[in-house]
*Asks:* 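Quick one: the structure is below, questions incoming.
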Amino acid sequence: MAYFSRFMPSVFIKTYGCQMNERDSEQVAQMLQAKGYDLTQDERRADVLLINTCSVRDQAEQKALGKMGLLSHLKRERPELVLGFMGCMAQSRGQELVDRLPDLDLVLGTQQFHRAADCINLLRSQFDGGRRPIIDVSESSGSESTIRDHVLRPRQATAFISIMQGCDMSCSYCIVPTTRGRERSRPIPEIVREAEELVASGVREVTLLGQIVNLYGRHEFPASNGRSPFVQLLHALDKIPGLERIRFTSPHPAGLRADLIGAYAELPKLCEHMHLPVQSGSNRILRAMRRSYTRELFLRKVDALRSACPGIALTTDIIVAFPGESEEDFLQTCSLAEEVRFDNAFVFRYSDRRDTPASSMTGQLPEDVKQTRNQRLLEIVNRIARETLASAVNTTQQILVEGPSKTNPNRLAGRTRNNRTAVFEGDASLRGSLVTLRITRSSDHTLYGEPVP
Ligand code: SAH
Ligand code: SF4
Ligand code: F3S
């Protein structure tokens, strides 16, 4: 073994994009470890350099391309290195990437993550001659069930579970249906088994992942007792002994119905936070975006949710400067943000994605309008976020301790049930456990507290 480990090849993985990508990278890491690879954070030491990519906005693609440009310099000195792109940009650009970056060895699409280790082994074995790039962006039936293995750190308290892949919505600005393919959902028993295994390894909180996670299983599994497959899944997970918290992201407002709202009253483990992307507060723009709800319907759903689950934290995604967005439309979005008082929001400047319907719409807006609207909305969102966070001072909150605080390793950090980060002084042995804090103060993004006995 000692002899073998001297020759253990190592792999560096850099991940851009959403939680699904983080999860996919974890699966690839697990498979490579199982085949004898060592994971490294040091790109200069690695034999295999992989970038898991995102295509949702131009900026995300530019970052990954820039990073790969830098990594390819390493190949000048060590031509045996394997360089690979995986994930959404690999899927949407394929061959084009190899044409652009001739040092690239591997382009692996979103339905082929499970082939990563085999492809890499093949490429490494071919170094002595005749290595040709592998490009695989094909579909693979059953690939939704291949993202199931975890690499857990010691005393890791939280984990992601991908419960479905793909998206069948057709929001006019969005490239995800192209990069992730058709909706495909895993069966409930398979997901429950994965959660049970995580709990057996010490995990206390799971976050279910899907692009429209609350529409999970709509093509595969029937409703039962008025409950959608997603709510059935929540009920099944709530019964797992030792699991303390259940979260999910991101739901679509269209699938937010009475059964899911009712689940907050029925399921003690379901955490009081929902990330519910609204995208715009203008009905005209929502229609152009092909979001299937109106401002009024969204507000009614938020009211229903808040009546069923008082104090639930709501966060959202908003796109500013969508093609044709007038000042009046934009003000409608600002007023929606004021009315709902989101705990927080990601504000995105509209980014043109090729081959999407929005890309050829009239009324594309210049960069300075995108910039100003982004800034104006952020000021509203940030002010409300600060005020909401401050209102938690003097309350008691249950925290799941995740580990040392990022800014001060002598303190511990975790999240409240409604997903706010809380920091306190305590012993490192508390990692992975539930602690009750009295909140003493707040900053822009963080709560500070003291444990109550
Ligand atoms: N499936 C999720 C969102 C996935 S993408 C949902 O529908 O809620 C994450 C966010 O990126 C979206 O909510 C949207 O706000 C933003 N986004 C998607 N395409 C974009 C584009 N072309 N330009 C700017 N932001 C975009
Ligand atoms: Fe994109 Fe819309 Fe699907 Fe979300 S629901 S991934 S925004 S197409
Ligand atoms: Fe990006 Fe793909 Fe996620 S495009 S947002 S990494 S699904």
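Being a predicted model, the structure only gives us computed values, none of them experimental.
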*Asks:* Can you name the one residue among Ile147, Val213, Leu237 that meets side chain to side chain contact (heavy atoms under 4.5 Å, CB included) with Ile163?
*Replies:*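 Single pass found, and it is Val213.
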*Asks:* Measuring only between side-chain heavy atoms, which start at C-beta, is Arg295 closer than 4.5 Å to Leu336?
*Replies:*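 In short, these two side chains touch, coming nearer than 4.5 Å.
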*Asks:* Keeping Gln27 on the side-chain end and Asp149 on the backbone end, is there a donor-acceptor pair under 3.5 Å?
*Replies:*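 At least one qualifying donor-acceptor pair exists.
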*Asks:* Out of Leu83, Ile134, Asp99, which one pairs with Leu104 under the side chain to side chain contact (heavy atoms under 4.5 Å, CB included) rule?
*Replies:*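 Exactly one candidate clears the test, Leu83.
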*Asks:* Keeping Lys269 on the side-chain end and Asp238 on the backbone end, is there a donor-acceptor pair under 3.5 Å?
*Replies:* yes
*Asks:* Is it the case that more than 12 heavy atoms not belonging to Phe127 sit under 6.0 Å from its CZ atom?
*Replies:* yes
*Asks:* Could you tell me if the side chain of Arg431 sits less than 4.5 Å from the side chain of Pro154, heavy atoms only?
*Replies:*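 Of all side-chain heavy-atom pairs linking Arg431 with Pro154, none is under 4.5 Å.
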*Asks:* Is Glu96 salt-bridged to Arg354, cutoff N-O under 4.0 Å?
*Replies:* yes
*Asks:* Would you check if the distance from the ring center of Phe230 to the ring center of Phe248 is below 6.0 Å?
*Replies:* yes
*Asks:* Which pair of heavy atoms, one from Leu286 and one from Val278, lies closest together, and at what distance?
*Replies:* CD2-O, 3.5 Å
*Asks:* Donor-acceptor check, side chain of Arg353 to backbone of Ser55, threshold 3.5 angstrom: yes or no?
*Replies:*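 Checking the backbone N and O of Ser55 against the side chain of Arg353, a donor-acceptor pair under 3.5 Å is found.
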*Asks:* Crowded around Glu196 CD? As in, over 12 foreign heavy atoms under 6.0 Å?
*Replies:*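 Yes, enclosed.
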*Asks:* Ion pair present between Glu387 and Arg341, side-chain N to carboxylate O less than 4.0 angstrom?
*Replies:* yes
*Asks:* Can you confirm whether Arg78 is buried at CZ, in the sense that more than 12 heavy atoms of other residues, nucleotides or ligands lie under 6.0 Å from that atom?
*Replies:*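 Count over threshold, so yes.
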*Asks:* Please determine if Arg186 and Glu194 form a salt bridge, counting it only when a charged side-chain N lies under 4.0 Å from a carboxylate O.
*Replies:* yes
*Asks:* Show your reasoning for whether salt bridge (charged side-chain N to carboxylate O under 4.0 Å, His left out) applies to Arg376 and Glu327.
*Replies:* CA-CA 12 Å; Arg376 285 165 68 194; Glu327 174 69 14; 2.7 Å; yes
*Asks:* Between the side chains of Asp105 and Arg132, is the shortest nitrogen-to-carboxylate-oxygen separation below 4.0 Å, so that they form an ion pair?
*Replies:* no
*Asks:* Quick one: does Glu26's side chain have a donor or acceptor within less than 3.5 Å of a partner on Val151's backbone?
*Replies:* yes
*Asks:* Using a strict cut-off of less than 4.0 Å between a Lys/Arg side-chain nitrogen and an Asp/Glu carboxylate oxygen, indicate whether Glu139 and Arg184 qualify as a salt bridge.
*Replies:*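 Salt bridge absent between Glu139 and Arg184.
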*Asks:* For Arg148 and Glu197: C-alpha separation, side-chain torsions, deciding distance, then whether salt bridge (charged side-chain N to carboxylate O under 4.0 Å, His left out) applies.
*Replies:* CA-CA 10 Å; Arg148 50 154 201 251; Glu197 283 165 17; over 6 Å; no
*Asks:* Less than 4.0 Å between a side-chain N and a carboxylate O, is that true for Glu272 and Arg417?
*Replies:* yes
*Asks:* Strictly distance-based, threshold 3.5 Å: is any side-chain N or O of Thr315 a donor or acceptor partner for the main-chain N or O of Ala345?
*Replies:* no
*Asks:* What is the minimum heavy-atom distance between His252 and Leu215, and which atoms define it?
*Replies:* CB-CD1, 4.5 Å
*Asks:* Just by modelled atom types, is the Ser282 backbone N or O under 3.5 Å from a matching donor or acceptor in the Asp329 side chain?
*Replies:*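 Side chain of Asp329 to backbone of Ser282: no pair is present.
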*Asks:* Counting only heavy atoms not in Arg76, do more than 12 fall under 6.0 Å of its CZ?
*Replies:* yes
*Asks:* Counting only heavy atoms not in His219 (residues, nucleotides, ligands), do more than 12 fall under 6.0 Å from its NE2?
*Replies:*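 Above 12, so yes.
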*Asks:* Just by distance, do the side chain of Thr40 and the backbone of Ala46 share a donor-acceptor pair under 3.5 Å?
*Replies:*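 Flag not set: sc Thr40 to bb Ala46 has no pair under 3.5 Å.
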*Asks:* Go through the steps to decide whether Arg93 and Glu61 satisfy the test salt bridge (charged side-chain N to carboxylate O under 4.0 Å, His left out), and finish with yes or no.
*Replies:* CA-CA 10 Å; Arg93 297 194 180 264; Glu61 292 199 338; 2.7 Å; yes
*Asks:* I'd like to know if the side chain of Glu190 reaches the main chain of Pro187, judged simply by a donor and an acceptor atom lying under 3.5 Å from each other, with no hydrogens or angles considered.
*Replies:* no
*Asks:* For Ala358, is there any backbone N or O sitting under 3.5 Å from a side-chain donor or acceptor partner on Gln364?
*Replies:*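 Yes, the answer is positive, given that a donor and an acceptor are paired below the 3.5 Å cut-off.
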*Asks:* Kindly compute the distance separating CG (Asp352) from OH (Tyr350), expressed to the nearest 0.5 Å.
*Replies:* 4.5 Å
*Asks:* Do Arg115 and Asp136 meet the salt-bridge criterion of a basic N to acidic O distance under 4.0 Å?
*Replies:* yes
*Asks:* Output, in order, the C-alpha distance, side-chain angles, deciding distance and verdict of side-chain contact (heavy atoms from CB on, under 4.5 Å) for Arg100 and Met68.
*Replies:* CA-CA 11 Å; Arg100 183 168 171 165; Met68 188 56 90; over 6 Å; no
*Asks:* Taking the side chain as every heavy atom from C-beta outward, state whether Cys119 and Leu108 have any atom pair closer than 4.5 Å.
*Replies:*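 Yes - at least one pair of side-chain heavy atoms lies under 4.5 Å apart.
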*Asks:* Quick check: do Ser201 and His150 have side-chain heavy atoms less than 4.5 Å from each other?
*Replies:* no
*Asks:* Would one find more than 12 heavy atoms of other residues, nucleotides or ligands at under 6.0 Å from atom CZ of Arg257?
*Replies:* no
*Asks:* Do the side chains of Arg247 and Arg415 get nearer than 4.5 Å, heavy atoms only?
*Replies:*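 Heavy-atom side-chain distance check passes, below 4.5 Å.
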*Asks:* Counting neighbours of CD on Glu77 that are heavy atoms of other residues, nucleotides or ligands and sit closer than 6.0 Å, is the number greater than 12?
*Replies:*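 Count not over threshold, so no.
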*Asks:* Give a yes or no on whether a salt bridge exists between Glu338 and Arg383, defined as a side-chain N under 4.0 angstrom from a carboxylate O.
*Replies:*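 A salt bridge is present here (some side-chain N lies under 4.0 Å from a carboxylate O).
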*Asks:* Check for a donor-acceptor pair, side chain of Arg420 on one end and backbone N or O of Asn418 on the other, with a separation under 3.5 Å.
*Replies:*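 Absent.
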